[in-house]
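Just so it is clear, the structure is predicted and the values come from calculations on it, not from any experiment. Within every chain, numbering begins at 1; the chains are lettered A, B, ... in the order of the sequence lines, protein sequences first and strands thereafter.
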Amino acid sequence: MNIAHLSEQEIIRREKLKEFAQLGIDPFPAPLFPVNSNAAYIKANYKGEENKADFAEVVLAGRVMSIRDMGKASFAVLQDSTGKIQLYVKRDEICPGEDKTLYDKVWKHLTDMGDIIGVKGYVFTTKTGETSIHVRELVFLTKSLKPLPVVKEKEGETFDAVTDPEFRYRQRYADLIVNPQVKETFVKRSKLINSMREFLNSRGAIEVDTPVLQSIPGGAAARPFTTHHNALDIPMYLRIANELYLKRLIVGGFDWVYEFSRNFRNEGMDRTHNPEFTVLEFYTAYKDYLWMMETTEQLLEKAAIDVNGDSTCEVDGKQISFKAPFARITMYDAIKQYTGIDISGMNEDQIREVCKQQHIHVEPSMGKGKLIDELFSEKCEHHFIQPTFIIDYPVEMSPLTKKHRSKPGLVERFELMVNGKEIANAYSELNDPIDQRARFEEQVALMERGDDEAMFIDYDFLRALEYGMPPTSGIGFGIDRICMLLTGQSSIQDVLLFPMMRPEK
RNA sequence: GAUUCCGUAGCUCAGCUGGUAGAGCAAUACACUUUUAAUGUAUGGGUCCUGGGUUCGAGUCCCAGCGGGAUCACCA
């Protein structure tokens, strides 16, 4: 390896490897280390005299985060997966004989912040009242060759914390080490997904896997990532949605299927969009979108409680409550409420006029559905902070949705808005194959008109519907956005372990 | 894609109207057996994002590029 680009500190750490070799110590040893406790458990449960016998022989391992060398004894902070705990390392304790090499050499000179060590010892409380480990044995487990950013703290206040987003996202491994709250966010993300999975499993839903590589990217209107299958010599697409596959399974006789689907869309990135993102979709036979609204309320209320302990959360200084039931408003009423205009009886040209009056950019390729969508996005969406179901969408913007049971021109669809963003989208699913074919054909017409996000016709999906799909309701939840809400993050990058970044040179 | 702000030591950041680069932490050496942003003394450490230009002289001014953030556009 070319040493020229290494920093002074990196060179010094590499040279320490040679000293390890001279001492006959492997700085990357193979044997397992028999950990039997952890920092958080000890801090939570050690009570001093009354139960110190239970903590007479603890074994833990982790990363050295700071060292305060006092001469023949020293204090250090060890960080394991559960948190930090102070170590007290005394020379004559870890080197009881004549040979003081382990303390004087290995510990005082060869151990750096960031190194991984294992310790055995007993728990005690220092003069200043801090629960600590009095180390009896110390084992070197892994040398860290690259210095971590140094973050200090006192009384809960943090100094010199690493905040550079580029460093944090590109080197998430280092971010996780030095910014403990980052790990908490991802623990919560795991709790969120577990909570949803439990909810669904406990009601009899079945988790399935459907293709990520698809020859027709269906189920949503979005630009796909394109790739190529060499053996078949055909273009393939990374899925933009899994909807049409899950419905095929309803045709096949599953009553309730779900999938946490990683979807890919070849579009811009911002605080709420990443090119790959996670959606929970589920489809339930013999249900409609009214049932789905109630189910959604229950699912999200439980999720909020499981993640944060109660049904509220705070984002951007706003308190949001997931306590069921949520508000409901029809799309036309929402537009009427925020623009004062009732578009319910209007045709495409009239709505186009309304858009122009409201200073909304329109293009000839936009159909009625798209125009209404623009009106809603521009004038209404951001007003819905508390969870609100927007219901009964115009048929033109919902090619996979069943027509409304009583309101002509509308479909049985809702989106759930929270903090001004869509976090779920649900329908009474269209199961009439003749109607579905006609809707696909309208999409083709839109495509010919210049809408490059209109849907392709999926003939195999139509064939499945022809066998008969029971009345079904389905929904997709934006997991990343829900995670943002429940963890109080305002950027999607902070709920993705490895957000998309331009490659480094 | 557009606009705008930013890029200086391992980290956090100074660096004025242009004059040969600075602090704290970290590192190195020494001292110290209950410290905790440990302390004390000493020392070393830089492709000032990259490439051009202006100038006697550029971290600083100008242009282009690279990377990141924010806003907007796109995105159901």
Side-chain angles (χ1 to χ4, degrees), chain A residues 4-13 15-16 65-77 84 86-93 103 108-109 112-114 124-130 132 134 144-171 174 178 219-223 240-241 265-275 277 331 361 369-370 372-374 376-377 381 390 393-394 396-401 413 415 417 421-422 424-425 451-455 476 478 490-491 493 499 501-505:
Chain A
H5 65 283
L6 294 176
S7 68
E8 180 194 30
Q9 292 189 44
E10 288 173 298
I11 292 165
I12 289 168
R13 288 191 180 203
E15 278 167 359
K16 286 178 179 175
M65 296 305 283
S66 74
I67 302 173
R68 292 182 290 280
D69 172 13
M70 316 281 304
K72 294 184 182 61
S74 41
F75 289 91
V77 172
K84 292 179 177 148
Q86 179 169 263
L87 306 179
Y88 179 55
V89 184
K90 210 151 110 176
R91 185 171 78 158
D92 295 336
E93 196 81 44
Y103 187 86
K108 281 186 71 165
H109 291 274
D112 291 302
M113 287 196 286
F124 75 113
T125 304
T126 63
K127 262 196 216 166
T128 50
E130 179 156 353
S132 307
H134 187 116
S144 165
L145 294 179
K146 198 167 180 65
L148 284 170
V150 180
V151 180
K152 299 221 169 190
E153 55 187 275
K154 185 185 189 181
E155 289 155 8
E157 203 179 341
T158 304
F159 301 86
D160 297 339
V162 181
T163 53
D164 174 18
E166 181 163 14
F167 179 95
R168 293 189 45 231
Y169 300 147
R170 284 198 197 282
Q171 301 188 49
V178 300
R223 292 190 195 92
I240 56 173
R265 296 187 184 177
N266 206 341
E267 289 158 357
M269 300 154 63
D270 62 28
R271 268 190 324 188
T272 54
H273 296 83
N274 193 68
F277 60 101
M331 172 159 258
H361 176 74
K370 186 81 179 162
I372 294 170
D373 185 43
E374 288 293 317
F376 180 78
S377 309
E381 198 171 88
I390 311 300
Y393 282 61
E396 293 85 352
M397 57 198 289
S398 312
L400 303 170
T401 313
R413 169 178 179 181
E415 287 192 2
M417 311 297 304
K421 297 274 179 203
E422 173 201 347
N425 181 17
D451 184 346
D452 56 1
E453 281 150 11
M455 291 184 193
S490 50
S491 170
Q493 296 176 104
M501 297 289 273
R502 207 180 285 269
E504 283 180 276
K505 282 227 181 128

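When rounded to the nearest whole Å, the span between CD of Q86(A) and P of A38(B) equals 10 Å.
For P147(A), counting side-chain heavy atoms from C-beta on, the closest listed nucleotide (U33(B), G10(B), U35(B)) is G10(B). Side chain of V150(A), nearest nucleotide from U33(B), A37(B), G10(B): G10(B). Proximity note for A73(A) (side chain, C-beta onward) versus U33(B), U34(B), G68(B): the nearest is U33(B). Each of U34(B), G69(B), C25(B) was ranked by its minimum atom distance to the side chain of M70(A); first place goes to U34(B).
Closest-nucleotide positions on RNA chain B for Q493(A) and K370(A) were compared, and the one nearer the 5' end corresponds to Q493(A). The nearest heavy atom of RNA chain B to K16(A) and to V151(A) marks one nucleotide each, and the one closer to the 5' end goes with V151(A).
Proximity of K152(A) to the phosphate of A38(B): a side-chain N or O atom is located under 4.0 Å from OP1 or OP2. The phosphate of A38(B) has OP1 or OP2 within less than 4.0 Å of a side-chain N or O from R68(A).
Side-chain atoms of H273(A) and E267(A) form no donor-acceptor pair, as typed in the model, at a separation below 3.5 Å.
Counting any heavy atom pair closer than 4.0 Å across all strands shown, R223(A) reaches sugar-phosphate atoms only and no base atom. Using a 4.0 Å heavy-atom cutoff across all strands shown, R271(A) reaches sugar-phosphate atoms only and no base atom. Looking at heavy-atom distances under 4.0 Å, R502(A) makes contact with sugar-phosphate atoms alone, never a base. Note on E381(A): nothing from the nucleic acid sits closer than 4.0 angstrom, heavy atoms only.
Relative ring orientation between H134(A) and Y88(A) is described as perpendicular, the plane-to-plane angle rising above 60° on a 0-90° scale split at 30° and 60°.
Between D92(A) and K72(A) there is no salt bridge, since none of the side-chain N atoms of the basic residue sits less than 4.0 Å from a carboxylate O of the acidic one.
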